[in-house]
Amino acid sequence: MTLINTGSVSAALDTLHGARKLPPAEAIEYLRSFLGTLSPPGHNTKSASDARDALSLLINKLETNGFAGNDVWQQAIATMTSLANNPER
């Protein structure tokens, strides 16, 4: 099984925490780029799946509305934290 690069996850967490200050287009660009790294071949853990879903929802809200509510941001942050702490689950 291919492991998620926890350094990338940590970088995504840093960005998620600061992304609210970014214009939506910049946040979307970064988050889309990171989303692609969550799908390496052979890596389909629950934590990775939850993180992909939460990031996809966040990106969708930013694209559709130009913003995302606190609950959407917090869900993305929580799933990234879970993935960072449990990359194999």
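Taking OG1 of Thr81 as the start and CD of Gln74 as the end, the distance is 9.0 Å to the nearest 0.5 Å. Here the straight-line distance linking atom CG of Leu35 with atom CD1 of Ile28 works out to 12.5 Å at 0.5 Å rounding.
Ser82 has its side chain out of reach of Asp50: every pair of non-hydrogen atoms, C-beta onward, lies at least 4.5 Å apart.
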Atom pairs and distances, side-chain donor-acceptor, residues 58-67, under 3.5 Å, sequence neighbours left out:
| unit_1 | atom_1 | unit_2 | atom_2 | d |
| --- | --- | --- | --- | --- |
| Glu63 | OE1 | Arg32 | NH2 | 3.1 |
| Glu63 | OE2 | Arg32 | NE | 3.3 |
| Glu63 | OE2 | Arg32 | NH2 | 2.6 |
| Thr64 | OG1 | Asn60 | O | 2.8 |

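Contacts of Asp71 classified as side-chain hydrogen bond (donor to acceptor under 3.5 Å, both in side chains), with partners at least two apart in sequence or in another chain: none. Judged as a side-chain contact (heavy atoms from CB on, under 4.5 Å), and not counting sequence neighbours, Glu29 has no contacts.
Among all heavy-atom pairs drawn from Ala51 and Thr79, the shortest one is CA-OG1, 3.6 Å.
Leu22 and Leu31 fall into different hydrophobic clusters, where Ile, Leu, Val, Met, Phe, Trp and Tyr are joined by side-chain heavy atoms under 4.5 Å apart, directly or via other members.
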